[in-house]
Visitor: 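Take a look at this one; I'll ask things after.
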Amino acid sequence: MKEKMKCSECEFCNSFRPYGNSRASFRCKHPDQHYIFDYFQEHRMSKDPEFLDYGKAWSDEVPLKTSPAWCPKKKSK
(Lines give C-alpha, C1' and ligand atoms only; values in the text may rest on other atoms or scores of the structure.)
Protein backbone atom coordinates (compact mmCIF):
# COMPACT_ATOMS: atom_id res chain seq x y z
CA MET A 1 0.00 0.00 0.00
CA LYS A 2 1.29 3.45 -0.93
CA GLU A 3 2.04 5.84 1.88
CA LYS A 4 0.07 9.09 1.61
CA MET A 5 2.19 12.19 1.36
CA LYS A 6 1.17 15.17 3.45
CA CYS A 7 2.08 18.77 2.81
CA SER A 8 2.10 19.36 6.57
CA GLU A 9 5.06 16.95 6.86
CA CYS A 10 6.95 18.28 3.83
CA GLU A 11 10.01 20.48 4.20
CA PHE A 12 9.01 22.45 1.08
CA CYS A 13 5.63 23.61 2.43
CA ASN A 14 5.92 27.32 3.19
CA SER A 15 3.44 29.59 4.94
CA PHE A 16 3.14 33.36 4.75
CA ARG A 17 0.86 35.63 6.72
CA PRO A 18 0.99 39.31 5.74
CA TYR A 19 0.99 41.83 8.56
CA GLY A 20 -2.56 42.48 9.76
CA ASN A 21 -3.99 39.38 8.08
CA SER A 22 -5.58 36.60 10.11
CA ARG A 23 -5.03 33.82 7.56
CA ALA A 24 -1.77 32.41 6.23
CA SER A 25 -1.36 31.27 2.65
CA PHE A 26 0.51 28.02 2.03
CA ARG A 27 2.75 27.40 -0.98
CA CYS A 28 4.95 24.61 -2.31
CA LYS A 29 8.55 25.78 -2.63
CA HIS A 30 9.89 22.50 -4.06
CA PRO A 31 13.08 23.03 -6.12
CA ASP A 32 11.49 21.29 -9.14
CA GLN A 33 9.21 24.24 -10.04
CA HIS A 34 9.44 23.35 -13.76
CA TYR A 35 7.54 20.12 -13.10
CA ILE A 36 4.78 22.05 -11.30
CA PHE A 37 4.45 24.66 -14.08
CA ASP A 38 4.45 21.95 -16.76
CA TYR A 39 1.75 20.00 -14.89
CA PHE A 40 -0.44 23.09 -14.68
CA GLN A 41 -0.02 23.81 -18.39
CA GLU A 42 -0.72 20.21 -19.45
CA HIS A 43 -3.89 20.08 -17.33
CA ARG A 44 -4.98 23.63 -18.26
CA MET A 45 -5.12 24.74 -14.65
CA SER A 46 -5.40 28.50 -14.21
CA LYS A 47 -4.69 29.03 -10.50
CA ASP A 48 -1.32 30.11 -9.10
CA PRO A 49 0.95 27.08 -9.69
CA GLU A 50 2.63 26.79 -6.30
CA PHE A 51 -0.40 27.85 -4.20
CA LEU A 52 -1.82 25.17 -1.89
CA ASP A 53 -4.56 26.86 0.14
CA TYR A 54 -5.36 29.37 2.87
CA GLY A 55 -5.29 28.29 6.50
CA LYS A 56 -7.86 28.96 9.19
CA ALA A 57 -7.77 32.26 11.05
CA TRP A 58 -4.78 32.58 13.39
CA SER A 59 -3.68 29.00 12.69
CA ASP A 60 -0.39 27.75 11.22
CA GLU A 61 -1.86 24.32 10.44
CA VAL A 62 -1.72 23.26 6.77
CA PRO A 63 -5.33 22.90 5.55
CA LEU A 64 -4.63 19.94 3.20
CA LYS A 65 -4.93 16.33 4.37
CA THR A 66 -2.82 14.93 1.50
CA SER A 67 -0.56 16.47 -1.12
CA PRO A 68 -2.08 17.63 -4.43
CA ALA A 69 -1.85 15.59 -7.65
CA TRP A 70 0.83 17.94 -8.99
CA CYS A 71 3.23 17.35 -6.09
CA PRO A 72 6.78 16.81 -7.46
CA LYS A 73 7.37 14.12 -4.82
CA LYS A 74 4.55 12.06 -6.36
CA LYS A 75 6.00 11.94 -9.87
CA SER A 76 7.34 8.59 -10.97
CA LYS A 77 10.99 8.09 -10.26
Visitor: Specify the closest pair of heavy atoms between Asp53 and Pro63, including all atoms of both residues, with the distance to one decimal.
Guide: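 That would be CB-CG, 3.6 Å.
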
Visitor: Students often mix this up, so state it plainly: with edges at 30° and 60°, are the rings of Tyr39 and His43 parallel, tilted or perpendicular?
Guide: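 Parallel, since the angle between the ring planes stays under 30°.
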
Visitor: With a 4.5 Å limit on heavy-atom distance, are the side chains of Asp48 and Arg27 in contact?
Guide: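 Touching, per the 4.5 Å side-chain cut-off.
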
Visitor: Name the one of His30, Met5, Lys73, Lys29 that satisfies side-chain contact (heavy atoms from CB on, under 4.5 Å) with Cys10?
Guide: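 With Cys10 as partner, His30, Met5, Lys73, Lys29 yield a single side-chain contact (heavy atoms from CB on, under 4.5 Å), made by Lys73.
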
Visitor: Distance from Arg23 atom CZ to Lys56 atom NZ, nearest 0.5 Å?
Guide: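 Rounded to the nearest 0.5 Å, the CZ-NZ separation comes out at 11.5 Å.
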
Visitor: Tell me, yes or no, whether the heavy-atom count around Lys47 atom NZ, taken from other residues, nucleotides or ligands under 6.0 Å, exceeds 12.
Guide: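 Yes.
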
Visitor: Determine the minimum heavy-atom distance between Pro68 and Lys74, stating which atoms define it.
Guide: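 For Pro68 versus Lys74, the nearest heavy atoms are O-NZ, 3.4 Å.
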
Visitor: Which residue in the set Tyr35, Trp70, Phe51 passes ring-ring contact (aromatic ring centres under 6.0 Å, His included) when paired with Phe40?
Guide: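 Result: among Tyr35, Trp70, Phe51, Trp70 is the only option passing the ring-ring contact (aromatic ring centres under 6.0 Å, His included) with Phe40.
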
Visitor: Measure the OG-CZ distance between Ser8 and Phe26 for me, rounded to the nearest 0.5 Å.
Guide: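 So the OG of Ser8 and the CZ of Phe26 are separated by 9.5 Å.
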
Visitor: To the nearest 0.5 angstrom, please state how far the CG atom of Leu52 sits from the SG atom of Cys7.
Guide: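 With rounding to 0.5 Å, CG (Leu52) is 5.0 Å from SG (Cys7).
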
Visitor: When rounded to the nearest 0.5 angstrom, what is the spacing between SG in Cys28 and CG in Leu64?
Guide: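 Those atoms lie 10.5 Å apart.
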
Visitor: Roughly how far, to the nearest 0.5 Å, is the CG atom of Asp32 from the CZ atom of Phe37?
Guide: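 Here the rounded value is 11.0 Å.
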
Visitor: Could you tell me whether the side chain of Asp60 reaches within less than 4.5 Å of the side chain of Arg17, counting heavy atoms only?
Guide: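 They are in side-chain contact.
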
Visitor: Would you say that more than 12 heavy atoms from the other residues, nucleotides or ligands in this model lie under 6.0 Å from the CD of Gln33, or not?
Guide: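 Yes - once you tally the heavy atoms of other residues, nucleotides and ligands closer than 6.0 Å, there are more than 12.
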
